[in-house]
Every structure is written in C-alpha cells, then in structure tokens.
Amino acid sequence: MRRAIPVMIGVSVALAGCGGTRDQGFTDVQKTVSQRTTAKIHWDQGSTEDEQSAAAVKQLLSHELGVDEAVQIALLNNRSLQAVYQDLGVAQADLVRAGLLRNPVFDVSAKFARGGGVRLELSIVEDFLDLFFIPMRKRLAETAIEGAKARVAGAVIDLATNVRVAVYRLQTTTQALELRRTVVQAASAAYDLTQRLRAAGNITKLDLLEQRGVFEEAKMHLGQAEVEVDELREHLNSLLGLWGDETQWIVAPRLPDMSADEMPMDGLERRAIERSLDLAITRSEIALHAQRLGIARPFGAIGNADLGVAAEKEIDGTWAVGPAASVPLPIFNFGQGAVAEARAELRRSQELYAAQAIEIRSRVRTARSRLLANRARVDYLQQAMLPLRRAAVEETQLHYNGMLASPFRLIQTKQNEIAAGVDYVEALGGYWIALAMLNQLLDGRVPMDAGSDSAATSPRMMGGQMDRGH
Amino acid sequence: MAPHHTCFARLASLMLTGSLIMGADEAPKVPKVPAPQPGAVAEHGAAHADAKATAKTLPPGEPGTDYTPVVVPNGTTLPWKVVDGVKVFHLTAEPVQHEFAPGLVATVWGYNGQSPGPVLELVDGDHIRVYVTNRLPEKTSVHWHAILLPNAQDGVSGLTQLGIPPGETVKYEFTVHQQGTFMYHPHFDEMTQMGMGMMGMIVIHPRNPKGPKVDRDFSIMLTEWAIKAGTSRPDTNEMMEFNILTMNSKAFPGTAPLVVKLGERVRIRFGNLGAMDHHPVHLHGYQFKVVATDGGDVEQAGQQPETTVLVPVGSTRAIEFVADAPGDWAMHCHMTHHIMNQMGHGLPNMVGVDAGDLDEQMRKLLPDYMTMGPTGMGEMAEMGMKIPENSIPMVGADGPHGYIDMGGMFTVLKVRDGITTYEDPGWYAQPKGTEVVTASPEELRRDGIEIDPPPAVPANGTPSAPAATPGAAMPHEHQHH
Ligand SMILES: [Cu+2]
C-alpha cells in the first residue's frame, strides 16, 4: 500500500487542476441569464475585464437612466451579487474536495519490556471503501454545482427585477411630483388672486386666510412627495452599488407608454414552469437525494473499511511486516436507518417540487391578471377619465368666459384634471411593475413580495431555505 | 351669501304687492265660502259675475270696423271663426321649442306653438267659445284672468272644474262684458306651467271707443325664467334666481322694436305673469299716462303722468302717449338685473382688482385665462369670448354707436317721420350737430371747464390718495410665497 498513496494524491492533484472550471460554471450562468435578459453579467476576479466593466458602469451613469441602463449597472456593479458569485467558487471547491482520498491513518505504538528493549508496532491504513466513494462524491458535488448555478442565475434575475421595480417607482413618483408642482402652482395663483381681491377691498381677511390655508397645505404635500423621491433614489443607489459622486445620476423623468402588446398572454404557465430556476434548484436537490439513496443502499451498513500495512519490531529487533484490515460486520445495523433517511429526504424534495410547480402556476395567473387589470386601468384613465377632466376644464373655461363660473372654480377644475393625471401616472407605473413581476416569473423566479400571505408558503421559503446559503 | 335675508325681502315685497292688488283690484271678490262645496260654489259666486253674464250679447266685433287690431311684437293674435254668432277659438296647450334670443333655444310650454300664447282679441259684448286641447304630459286648465264670467268658467282646477287631462279637449263659453287688457294662464300646477311659459294676453276692445283714436296698440307680456346657462329647459323649481327676463318671451336682442309713425297716438299694454318679480318699465323720451289696469279704465282725472309704469305680478297696465319725438327710444325694466342675460352669481367681485401678472401665472395652467371685470363689466360682452353652447351670458347687440351691453327686458321704440310701413326702419340717424361728441378744448375754454389731471392709479378704479386704503393697511398680504 505504500505506493498506493502517491497515486491517489496524484489523481486528486489532477482534479484540483480542474478547479478552473469555476469559470465554466459562471459561463453557464451567463448563458442562462442571456436567455432571460439582454443585460450582461461579469464576475470581478481581478482580471483586465474588471476595468472594462467599471468603465461600462461609468459610461452608463453619464446618461439619463432608463430601466435597461439601471439593470445593466446593477448587474455589473452590485456587490451583493458579486458575493453570490462566490457560491460558485464554494461549490467548485466542494467538487475538488470530493475527488480527494481521505488521508491514511498512521498508527504507532511502543511497548517497553521489563528486561529492556522496545516492541514497536507501526501501521498505516487507508479507508479502502473511500476509493469507491470518490466517483459518487464527485457526482454529488457536480449535482450541487448545478443547483448553485441555478441559484446564482436566480439572484441575477431577482436583482434585475428589483431594479426594474425601483426605477418604475422612482419614475412614477418623479412624474407625479411634477404634476403635484402644478397643483401648488394653481393654489399659488388662487392665493395670488385672493391677495389682489383683498387689496382692492373686495373680500374679507377671513377669505384671504382660508385661501392661504389651501395654498400652504398644497406646499406641504409637495414636501412629502419630494422626500419620497429622495428615498426611492437611495434605494436605487443601494441596488446599483453606487456611492460618492456616482450618486449624481439622473433618471428618465417619464414612464414609457404602455407597449402595444407586451407578450402573448397564453402558454404563460408552461413557459414559467419550463424556465423556472426555482424548480431547477429543487431538481438538483432531488438528484442529490437520489444519489445519496443510491450510496446508502450498498454501503449503508458498512460505513468504513480500512486496509493497510502493519509492521512490528520485536524486542529482539526483528521486523515483521504484514497487511492490516478492519471491516465492520453487518450484524446489527444492516444500513436500514441510512436508507430510510435518504428515502425520506428524496420523497420530501419530490413533494416540494410539486408544491413549487403548483405555486408557480398560481403566481403566473395572478401576475397575469394583475397586469391585465393594470392595463385596463391605464386604458380607462387615458381614454375616459383624462378626456373627461380635460373637457370639464374646457367647459369651465367657457363658463368662466361667460362670467358664470368663478376663477376659483376654474382652478379647482384644473386641479381635478391634474389629480386625474396623477392617477394615470400611478396606474402606468403599476402596469410596468406588474409587467416586471410577471417577467420575473417567466424568467424563472417567484417574486418575494413582502407582506403577502403567500410569502410564508412560497416555494423559496419551503424548498430553498435550507439550500440557500446566501 | 344670505339667502334668508333675500328670501325675507322677497316675501315682504310679495305681501306688499298682495295688498296693493287687493286694494286696486275691482275684479270679482273671492266668495267668502268657509268650505267650498261642489255645486254650492256656483250659486255663491253668481252674485256679481253671473249677473253680468246675463247682460246683452252683441254680434261678433270685426277688426277694422269695430276696432283697430293690437300689434304683438314677436307674437300673434289667435285666429277665430264665427259660428252662429259665436266667436270660436281653439287653444292647444303644448311643448314648444322657443328661441329667446339668437343663441338660446329651450323647450318651453305654450299655446299653439308659441310662448306667450297668441293674444285673444275680443270686443265688448262678444260671445266666445274657446276649445282647449291639452297636449301636455299633465293636466291643465285655463283661467281667464280678470274677466268677469260665470264661476264655472273661471278655470281653477279643483275649485271650479276638473283639470283637463292630457289628450282631452274642453270647451269654455261665455260673453265678455268689459273692455281693457287681461290675461289667460293655467290654474293647475301654476308654478310649473307658468314657469314653463304658459300665459297669454286678452285684449277686449270697447264697442264704442271714447277719447282720441289710438293708432298703434301694442301688447307685451312680461315674465321671467330660470334657464341655467348651457341648459335648454326652464327650471321651474327656481324661486330666486331668474336669469332670463322677457317681453313676449323674448330677451334683448331677441325683442322686436316697436315701430311708430311720428305723431301717432300709441297705447302699450303690459301684463306680468312672472313668478316673483314686478317690473317698473321705463320709457325714454316721453311722458305717458297710465290709462287702464286689468280692473278697468282709469278716470281721466286720475291718470297720473309717468315715465315709468310698475307692472305688478298678476296685473296689466296700459299706457298712452303721442309719439311726437322722433328717435330710437329705449324701453326697459328699470331693475338693472332685469336687463342682463343669464348673469352668473356667486362670483368674486373683481371690480377694482389689480390683475398684475396674474393672467401670466394662470395661463401656465389655463392658456385661455383672462381676468374678467377688473374695470367693470360693460365691455365684457362685446369681446366675443367663447361661452357655453346654447347660452347668452352678457349677450347684447351691436348698436349704431357701439355695443348695446344690455339684455333681458329691453326693447326700442322707433319713432320715425315719413315711414310708410311698420317694418324695422333700422337705426335712427341723429340730426347733424345733435350727437354727443368729445368736448373740444375751445368749448372747454369758452365755458371755463377745468379738467384735473387723471388720478395716479386709474387702472383699477381705486382712488390713489387716502392713507387708509386696504392695500396700504396690510402690506404683508402682498408677499408672494
Ligand atoms: Cu323687471
């Protein structure tokens, strides 16, 4: 057995040389991501490409940010995502470890005779069953890598979705803020008119005070909306990994119009199931459990069996050398426990897989109807409400011209129109967010919506909790 | 806003009018029946009216021979035929599309396709039969206001007759034994039906006229309507805010002028069946005498000279004068709110307001905004700004010397020399040298008129001077925020 050791070491070194395949893992993730978004991902590993990535971020930041630009920046620049990429490294290291033999055990014992002289016993044993386990362990580690790749790709999709939602929220609030500014402008004009009426001696001081109250209140609401914009910007800074001067970016101030038809609305469930990264993760778990069960069946009772060389130096100084072996006898434990455990784990992951698939289908239907409802609301506001409010302003203007309506009523009607505009902007933002959520499902990830009841039973919480290290 | 005060004032004036009418009216006394009983009423009421009804009936009076027909500006006289010595008329109560003035058409109720209904023109002693067909969605009746007749013919639904159901025709028949100016109107759901325009004049000529012959005899019904600008149906629930004031259901510039030849004797008969307002009608250029009410002729000795005649609700007045002054003479109700069309109320008082850069601010939000009325409203109407459809707020008309910024109860008496027809002769050409023109410096100097330099702040009409102007007292209110 003396020669056997270096052989084993040599094999494992060769395997360790394959440690470079952690790039292969990332390439696979890149491929998965590219099937889902046009944005590129890059893993900062101290290469020259890192600089290109940083330059790309800088370049993107110098222009007005839309959703696509923001997503690209986040995918290149979010440090949490870079941290998640390290999961690939960890999984790869597990694979390397799986290819190594257990270190042999060296045993030495000395016995001192009464008449002087030492009896020396030496043995070196190796768990010879480990030799059979290595390929199996490697298969397990490879399966685990598949799971890790799906998790990393999932993290990319999650981040992209979070960025999209954050940008739409910011755009919604920014656009609504602009409209709210015109409300203040209107209140200001009304207050200005009251001041002039008061100066002419035509109204009471009380009338003036009341109108000023309306104006000051409008200003106060505007202040609240401004704080909201700041908070949403900070959220995006965090998602995009920006700090210092980088935080001076500007966002495209208007939400895009609704796309004429965003996607075919049939076959969505099947698409979400086929592309589900969550299901891919669970599949890798099922495979792991199946493989563990496969190992438990033949070897469950044995555990370990050592084989080695023992040498003995007699007191007289003569050496005796011979083989050594220790093998557990399957008398009490036939391995039933290990097999049952592995089988239960397998069954559990299979059940979770089914539950996850059902949940995904339900979530897709919900997201679809949410999207359609938002689209209908935007359409309604655009086609019915806004023209209605606009017509009311025009008609009130006519009444004002005929001295049938007061300037204050005219201003109020205008404010109603602006309020409908705010409703429209908020509905449009809601539409884009609903679309982003549906796309997240179709890209293979179940959205983590905080506060919703289903979050507690979401596939990720059930199936993913134990497997997701990050 | 103090609706209670206004309401109280209206009530008070109504009560006052009530007593006036009671005092002046010599019409049949209301029978003092504690609880009217069908059948019994006729006997009680017969004391006065039925006695007269038994007086002599004369052959039907003919226009030209027995009387000079009345002129009805914007209206007509009801045609009739004679059947066995009886003048037979037919009135149909029905909805009507009516134009008050160019720009305002509404669905009103009237008679024979018009509001007011055609004038019922009779001669003292005529025996008449009037068929009334109801084409309204509810019952109606016709009351012959101030006519002395048998009680059963009085047209008070529920009291003297059954209401005429929709689709039915009833017959009124009586002999007239008086002369003067009277009216007819429904006495069923009066508030709605009269608010919708159901009313008409009755003119009864004397069989043997006394006094100087009248050449031009006009008949004008005054009333008031609540038609919210932009709507097309009177709101008969309205009690206060009547915004269309009419002569023969026309508001100026929809009113036809009264055309008269120079030197002619003119009679103008006014009736008022408006809901809530009496109208002091003023005639420019003349003194006239009030010669009759619906109670009969005023004795000559009691004919007070006037330039304004108050026509109370539920009354008629006839005035007479000789048209000896040529010209275009305004004739209008003297209540200033009654010579405006569809005025808005509850608007801030803009008179004297310095608009400053307000319009500029407002146009950022409302591109068509313009401050209205900071120097008064006289010129608002002629700006031709876009207004709600089917409305005539502030609408007046172009006149020979600029815009006539009036509406409502306003018309023009046109007295001309040398005209051969009564077609509208157009605007009066004032003799040279009689026009009003800007005073020349020579004239001012000649008459010692010294003009002070204009005040410092004429723009908003607020005098520049005294220390206690509201603006000066509250400088902090001008700060912008
Ligand atoms: Cu009047």
Side-chain angles (χ1 to χ4, degrees), chain A residues 179 181-205 207-209 211-220 222 390-418 421, chain B residues 228-230 243 340-374 377 380-381 383-389 391-395 460-462 469-481:
Chain A
L179 290 170
R181 287 215 171 89
T182 54
V183 172
V184 172
Q185 217 177 353
S188 163
Y191 177 48
D192 185 57
L193 173 57
T194 17
Q195 282 179 309
R196 292 170 189 283
L197 283 162
R198 176 67 182 148
N202 295 7
I203 59 165
T204 64
K205 191 169 181 176
D207 293 334
L208 181 71
L209 290 176
Q211 193 60 48
R212 177 160 180 188
V214 172
F215 172 50
E216 300 295 348
E217 204 171 348
K219 278 204 296 185
M220 212 165 64
L222 185 65
R390 214 169 291 134
V393 171
E394 282 163 18
E395 199 59 30
T396 310
Q397 178 75 54
L398 299 185
H399 280 252
Y400 172 79
N401 291 350
M403 297 192 75
L404 300 161
S406 78
F408 298 109
R409 185 166 164 204
L410 180 58
I411 291 168
Q412 181 59 54
T413 316
K414 183 67 191 179
Q415 285 177 327
N416 291 346
E417 188 198 354
I418 296 167
Chain B
K228 211 172 159 202
N243 58 355
M340 294 297 281
N341 288 329
Q342 291 188 315
M343 271 298 301
H345 296 282
L347 300 184
N349 176 11
M350 293 298 290
V351 178
V353 170
D354 175 10
D357 67 342
L358 180 65
D359 286 16
E360 212 172 295
Q361 278 188 62
M362 291 289 257
R363 280 184 195 141
K364 285 180 200 155
L365 297 167
L366 300 152
D368 296 335
Y369 188 86
M370 194 188 85
T371 297
M372 305 282 274
M377 290 178 24
M380 300 314 299
M383 286 178 180
M385 297 180 82
K386 282 213 250 159
I387 52 175
E389 65 174 22
S391 72
I392 50 172
M394 305 183 304
V395 166
N460 61 8
T462 307
T469 62
M474 296 166 296
H476 58 281
E477 287 173 5
H478 292 271
Q479 288 162 15
H480 285 252
H481 294 266

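Just so it is clear, the values below take in all heavy atoms, side chains as well, and ignore hydrogens, waters and symmetry mates.
With a threshold of 4.5 angstrom between heavy atoms, A/Ile203 does not approach chain B through any atom at all. For chain A, the nearby part of B/Lys364 is the side chain; its heavy atoms alone come within less than 4.5 Å.
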A/Tyr400/B/Asp368 under side chain to side chain contact (heavy atoms under 4.5 Å, CB included): CA gap, chis, key distance, verdict: CA-CA 10 Å; A/Tyr400 172 79; B/Asp368 296 335; over 6 Å; no
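In terms of heavy-atom pairs under 4.5 angstrom with chain A, the leader among B/Ala355, B/Pro388, B/Gly356 is B/Pro388. Chain B forms more heavy-atom pairs under 4.5 Å with one residue of A/Thr396, A/Leu398, A/Val393 than with any other, namely A/Leu398. Taking B/Pro348, B/Gly230, B/Ser391 one by one and counting their heavy-atom pairs under 4.5 Å with chain A, the maximum is reached by B/Pro348.
Heavy atoms only, all atoms of each residue included: B/Ile387 and B/Pro393 are closest at CD1-CD, 3.7 Å.
Residues meeting the salt bridge (Lys or Arg N to Asp or Glu O under 4.0 Å) test with B/Asp359, sequence neighbours left out: B/Arg363. Residues forming a salt bridge (Lys or Arg N to Asp or Glu O under 4.0 Å) with A/Arg409 (at least two apart in sequence, or on another chain): none.
Residues A/Asn416 and A/Gln412 bring a donor and an acceptor atom of their side chains to less than 3.5 Å of each other.
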